[in-house]
Structures are given as C-alpha cells and as structure tokens.
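First the structure, in the form of structure tokens, and then the observations on it.
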Amino acid sequence: MTGATDVQNVFVLGLDEHNAQLLRSLPGADRYRFHALLDIDDLLHRETIPVPELLEQAQRQLAEFDGRVDAVIGFWDFPISTMVPILARRLGLPWPSLESVLKCEHKYWSRLEQRAVIEEVPRFGLLDLDDPAPDLPEGLAYPVWIKPVKSASSKLAFRVENHKQLHDAAAEIREGVGRIGDPFEFVLGQVDLPPEIAEAGGSACLVEEAASGVQVTVEGYSYRGDVRVYGIVDSVHCPDSPSFLRYQYPSTVSAAVADRLADISRRVITRIGLDGTTFDIEYFWDAERDAVTLLEVNPRHSQSHAELFEQVDGFAHHDVMLQLALGREPRPPHREGRSAVAAKWFVRRAEDGVAVRVPTAEEIERVEREVPGCTVTVSLQPGDRLSEQHDQDSYTYAIANVFVGADSEDELREKYERVVAGLPFEFEEA
C-alpha cells in the first residue's frame, strides 16, 4: 500500500479533463497526485498569448504549493510545449533543454538540423512575407506547402500549386502569423540562436516541396542519450482533402520500413539533442518510389494516440512522459491490450456553420454502451461557430473524435459507422 509520504506531485500545464482521465487510469496512478497548472483556456483559447505573464503565473502557483514539486509536464503545443522546459529549468527538474525543444518547434531550424544528418528531407526555403507578390525560393517547384515556422494543428498551412494560390495563401498567413509568431519570438529570445534563425525570427514562413505517399508517425523517447521507438501510427487522410480521417495503430508498413523509420528518427533526435522526454516524428512513405520524407519533429508524444496505445499495448503512453519527467527510464509494454487494432476517427464537416444541435451526454453514453470499445468526445456546444474553434486545420472542421478498438480493420470501420449514426448534429450555415 502506497503511503501518503510516497505520493509524488506532478503538475500538468493546461490539464484538461480528457488527459486527466488518462492519467488517473495509468498503472500505479495511486502513487501520483496530478495538479492542474494554470487553466487550459488561459493557455490556448485566447486571442493573444502573453507568455511572460503566463510563466510568472505558473511559477507563482508552484511556489505557493504546500509540498514538494516532483515533475512538471504538458501535452499540448505552443505555448505549453515551450513553457514546460523553462519552468523545469527554473525548478531544477528533469526535462530537455529549451534549445533542443526549439530545434523541433521552429520548422526552419528543424529542417536545417535534419538536413545535417539525413537525406530524407524535401527541398525547402523561406518565403518573403514582406513581398506582396512573393516567388518561390530558388530551386523549388510546385506543388509546395507553405506554413509559418511556428503554428499549431496545421493552422495556416496550405498546399499551393501555382502563383495565384501562393499569393493568396501568403496573404492569409501574413494576416494571422503574429498570433503565435510574436509570443514565439519571446521564447526564441531565451536562447542563443544561430544567425540564420535569429534573422528569420518567429514569424517567418517556410516553403517546402510537397511529399507523396502514406503518412505515418513514429512515437518514441530518449533517455540518457538512448533513443528508442515504441510504436508507429498510420495517419489516414480524407479522400478529398489533406485533413486527417483517422489515426490507426499499429501501422501497416512493413518491418523493413519500420526499421528504416526508426533509424532515421534516432539520427535526428540525437542530432537535435532532445533527451529526457517523448517525441513523435511524422513521415511520408511512398512505396512506389521506395522513398521516405520526414515531415515534422514534435518534442512530445501525440496525446491523440494515447487511447490507441492503451487499446493495443495496454497502456496510455502518457506514462512514458511521466516516468521521464520523474527521472526514470520507461518500460512501455507491447501488445498487452484488449484490441488488435485501434483508431482515432475524426468526424468532420466541410463547411463553416453554427452548431444548433449536438449529441447530449446521454446520447454519447448510449452509443458507448452499444458499441463496445469506443469512446466519444464532442467539444462543441450549441451556438458555437466552427471557424472559431481551437485546434482546427485549414481545410475542414472536426466536430467530434471517436476512439475505437477492434479485432480487425473491417470491424474498426463497422464500429465507427455505428457510432456516427448515433451522434445527432445539426448546423445552420454561417
């Protein structure tokens, strides 16, 4: 029996109820007490992001805590992803350096680091947002993706195929890049930057040639310089847009491809110097060309995959981050879950609109009872406008998430269709 004096206090920056439930379900959860550090709405759901003020509020809350602070963690993107290393450094707690985190978070800096150790990167360059009619950087050809060097959830990321689309997308990025770019500039100012990154700043725009193939995500961690991969997840796109239809685990790529992805991941993470935390790296795998292209490095695991690992491997991989934050080497289980395959499905709507009717708690509970192994989350309330919701991409609107475990992919699809049929939504046009 764990005594009260053995309980470790873990502060979670921007703890939401969904992640709180996952933490409380971890093996040995009675050994930890999880505390919310700041309100998630103050961190993510506001028009401006006052990072210095948020840091001081968080440090004040930690200082006023009547007990020992054993760890500080966070599962969300900016500003949480960059605030955690700053707070951990101030408190002397385990966490990767802010510089290594920024080498992942700043897309241009990350590309330069990747190119130093691997060949599996697309051609890339910076777009001059000050030019009202910019051209592609030298050596690049359409189609390309353009995106801010720092954004969240693919916001302001656009695939463009000609000059008109380039100029239209650049204008939209120019209009919105400051919301994250300005506070990101403050965080960049906390480390010594290479001249080319200091010159680019936090509101620059990256251009890179579009990759082809299926998208997969490598999940892993680094502990005392030992980089390990514990899972690969397929990211399946909608048939008619770049938006995600579902994340599916385990991946369907071959063992040889999985080994190749793991090797590339180890080289990149070692080069960046990210040590003492989880990571995920997104790739494209083109079977026809036998080609791998690295898309993005994230200095944290994907919380969207937590239920998938719980269903298939028997644990939510939040536990990996937790153990590392406490200075311990993780021991993630493998294939000890109740399902052979699991997925997070995104229920999407193509057009903007205002929610008139969303599933009630009772309707969601009924669906979860009728379809074993499924969990549904709906963040909308009646009156919400989709275009004003946090965490949306540039193409469609996610209105619900459906987590499903099954014995086969066919059963996975059948369960998802049954769940969606039981979730009544109504919208009026925006």
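Quick caveat, the model's predicted, so the values are computed rather than measured.
Using a 4.5 Å heavy-atom cutoff, the side chains of L326 and Q8 are in contact. Between I73 and V10, the closest side-chain pair of non-hydrogen atoms falls below 4.5 Å. Side-chain contact between V268 and I118 is present, with at least one heavy-atom pair separated by less than 4.5 Å. Contact annotation: the side chain of L22 approaches that of E310 to within less than 4.5 Å [non-hydrogen atoms, C-beta and beyond]. Taking the side chain as every heavy atom from C-beta outward, R357 and P382 never approach each other to under 4.5 Å.
Scored by the ring pair (Phe, Tyr, Trp, His ring centres under 6.0 Å) test, Y221 finds no partners at all (sequence neighbours excluded). Taking the salt bridge (Lys or Arg N to Asp or Glu O under 4.0 Å) definition, one finds that D410 meets it with nothing, sequence neighbours left out. Every side chain to side chain contact (heavy atoms under 4.5 Å, CB included) that D407 has, sequence neighbours left out, goes to E411. Residues passing the side chain to side chain contact (heavy atoms under 4.5 Å, CB included) test with P299, sequence neighbours excluded: V101, C104, E105, L274. S379 is linked by a side chain to side chain contact (heavy atoms under 4.5 Å, CB included) to nothing, counting only residues two or more places apart in sequence or in another chain. Scanning for side chain to side chain contact (heavy atoms under 4.5 Å, CB included) contacts around D42 gives D39, R46, with sequence neighbours left out. For W345, the ring pair (Phe, Tyr, Trp, His ring centres under 6.0 Å) partners at least two apart in sequence or on another chain are Y416. F427 pairs by the ring pair (Phe, Tyr, Trp, His ring centres under 6.0 Å) definition with nothing, not counting sequence neighbours. F78 is linked by a ring pair (Phe, Tyr, Trp, His ring centres under 6.0 Å) to F184, counting only residues two or more places apart in sequence or in another chain.
In this structure, CZ on R24 lies 14.0 Å from CG on D30, to the nearest 0.5 angstrom. Rounding to the nearest 0.5 Å gives a distance of 10.0 Å between CG of L26 and CZ of R31. We find the CD1-NZ distance between I180 and K150 to be 7.0 Å, quoted to the nearest 0.5 Å. One finds the CD1 atom of I49 at 8.0 Å from the CG atom of L44 (value rounded to the nearest 0.5 Å). For the atom pair Q311 CD and C374 SG, the distance stands at 9.5 Å (nearest 0.5 Å).
With respect to the salt-bridge test (charged N to carboxylate O, under 4.0 angstrom), the residues R224 and D226 do not qualify. A salt bridge is defined here as a Lys NZ or Arg NE, NH1 or NH2 lying under 4.0 Å from an Asp or Glu carboxylate O, and R331 with E329 meets this definition. Ion pairing of K107 with E208 is absent here, as no side-chain N (NZ or NE/NH1/NH2) approaches a carboxylate O to less than 4.0 Å.
Aromatic pair H237/F244: centroids less than 6.0 angstrom apart.
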Take H305 and Y249 through the ring pair (Phe, Tyr, Trp, His ring centres under 6.0 Å) test and state the conclusion after the steps.
-> CA-CA 8 Å; H305 299 161; Y249 179 67; 8.2 Å; no
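Here salt bridge (charged side-chain N to carboxylate O under 4.0 Å, His left out) pairs that include residues 271-287, with residues two or more places apart or in two chains, are E113-R271, D286-R289. Residues in residues 278-304 take part in these ring-ring contact (aromatic ring centres under 6.0 Å, His included) pairs, two or more places apart or across chains: F75-H301, H301-H317, H301-H318.
Side-chain contact check for E388 and H45: no donor-acceptor pair (N or O, by modelled atom type) lies under 3.5 Å. Under 3.5 Å, the side chains of S304 and K344 contain a donor-acceptor pair of N or O atoms.
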Please tabulate, one pair per line, all N/O donor-acceptor pairs under 3.5 Å involving side-chain atoms of residues 55-66, not counting sequence neighbours.
| residue | atom | partner | partner atom | Å |
| --- | --- | --- | --- | --- |
| E56 | OE2 | R90 | NH1 | 3.4 |
| Q57 | NE2 | E53 | OE2 | 3.1 |
| Q59 | OE1 | R90 | NH1 | 2.5 |
| Q61 | OE1 | L38 | N | 3.2 |
| Q61 | NE2 | A36 | O | 2.9 |

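In this structure, H35 and F11 have parallel ring planes: the angle between them is below the 30° cut-off, well short of the 60° mark.
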